[in-house]
Amino acid sequence: MTAVPTLGVGMVGYAFMGAAHSQAWRSAARFFDVPLAPDMAVLCGRDAAAVTAAADKLGWRSTETDWKALLRRDDVGLVDVCTPGDTHAEIAIAALEAGKHVLCEKPLANSVDEARAMVAAAEQARARGVRSMVAFNYRRVPAVALARRLVEQGRIGQVRHVRASYLQDWIVDPEFPLVWRLQKEKAGSGALGDIGAHIVDMAQFVTGDRLTRVSALTETFVTERPLPARNNDTASSGLSASGSVERGPVTVDDAALFLGRFAGGAVATFEATRFANGRKNAIRLEINGSTGSLAFDFESMNELSFFDGTEDPSTAGFRRILVTEPTHPYVDAWWPPGHLLGYEHSFTHEVVDLLRDLAAGTDPTPSFADGLQVQLVLDAVVRSAEAGSGWQPIPSESAQEK
Ligand code: SOE
């Protein structure tokens, strides 16, 4: 590996996203030619013993128990925010003001107001050459990036329909405890912001268009759950002094379904739920255009189905593109054709693109402004659901997709 400048990374949080991002920082320079080599300088978490164990496991050189310490460290040039949504704004804004680049997990924030403040901080920092990205990783799955390329090339014509769903079932058991993702003050929303945000970003990214209004309904099927054990927020229930299981209210949606209209005229359906029994992390996106269609299924994430309506009808039909050719996005850095990639590779692609933008002085995408636009969609969904599912407009506050 030729010697390139290093970029010190400080990551806050080390649960699922922290583990996925750590794998990305570890692998980026070992598979891609990057102009900046990540230095996994410091991992931050509140519990000293736990964060030390996590740093050893995930490959971080040192630890801190106060995220503000990262802002004072000269060996940190970028702060990676992998915490629950209620701390994204505070950490990202402080980091940008301290001159640190920021990668922030999705959704950008827990509210539109927080997202607006993050965009303002990002735009002020950008003037000083300090850059930011929001981590919608699925747009960097090669098959999704290929879908974007084909739409951009006009291979399906004018986009007419967008059909997106993200189905999970990890909380169908009513005794699953009240973890942070089920608490509005920590997560901002439920399935809507956690997984609905992904399909909104994917749909807008692949079509290159923006949603302008939505009509929605949300549902919470299980309205109270056992409190998690005091010392952690995992799947174990908490016991009261009397030994009975304390319970608390679920304050977020379990499912969100909404119709949408795109600025370019396409119509859309979206479904995000954690109660699709048997579906574990099932993301499906289908785009129907005037001359063809594209369909992606995350459970076959190395494939893209493509229907070219301009072909001879006697031989036309959906064909399965195996997205493992060196000409396909990101693939040439990994394995020969036919060898497959996984969920974790999308995070590596995310940090590779970020490193390349930072070195080139260009703006990473998706930007915080793109993250604000997703937040505006989520907010319109909530407003519509609360007001009886009528149409709600989505203000065009954020910069258009580059
Ligand atoms: C939980 O629903 C979750 O971990 C999401 O938060 C991630 O963004 C998604 O990639 C996998 O599922």
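Note that ligands are numbered from 1 as they come in the structure, with each ligand's atoms numbered from 1 the same way. Predicted, not measured: the structure shown is a model, and the values here were computed from it.
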Below 6.0 angstrom between ring centroids: does that apply to [X] and [Y]?
X: F136; Y: F205; value: no
X: F32; Y: H349; value: yes
X: F275; Y: W170; value: no

What atoms in ligand 1 come closer than 4.0 Å to a heavy atom of H198?
->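 Those qualifying, in numeric order: 7 (C), 8 (O), 9 (C), 10 (O).
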Proximal ligand 1 atoms for I195, defined as those under 4.0 Å from one of its heavy atoms = 2 (O)
R274 contact mode with ligand 1 (heavy-atom cut-off under 4.0 Å) = neither
Between Y166 and ligand 1, find which residue part has any heavy-atom pair under 4.0 Å and reply side chain, backbone, both or neither.
->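 The answer is the side chain.
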Among I283, N281, D194, whose heavy atom sits nearest atom 1 (C) of ligand 1?
-> D194
Any K106 heavy atom less than 4.0 Å from ligand 1 =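 Within the 4.0 Å threshold, so yes.
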Answer yes or no: is there an ion pair linking R319 with E311, defined by an N-O contact shorter than 4.0 Å?
-> yes
Do R46 and D66 sit within salt-bridge range, that is, some charged N less than 4.0 Å from a carboxylate O?
->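 D66 and R46: not salt-bridged.
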Min N/O separation Q168 to ligand 1 under 3.5 Å | yes
Contact summary for L70 and K100, nearest pair of heavy atoms =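 Minimum heavy-atom contact is O-CE, 3.7 Å.
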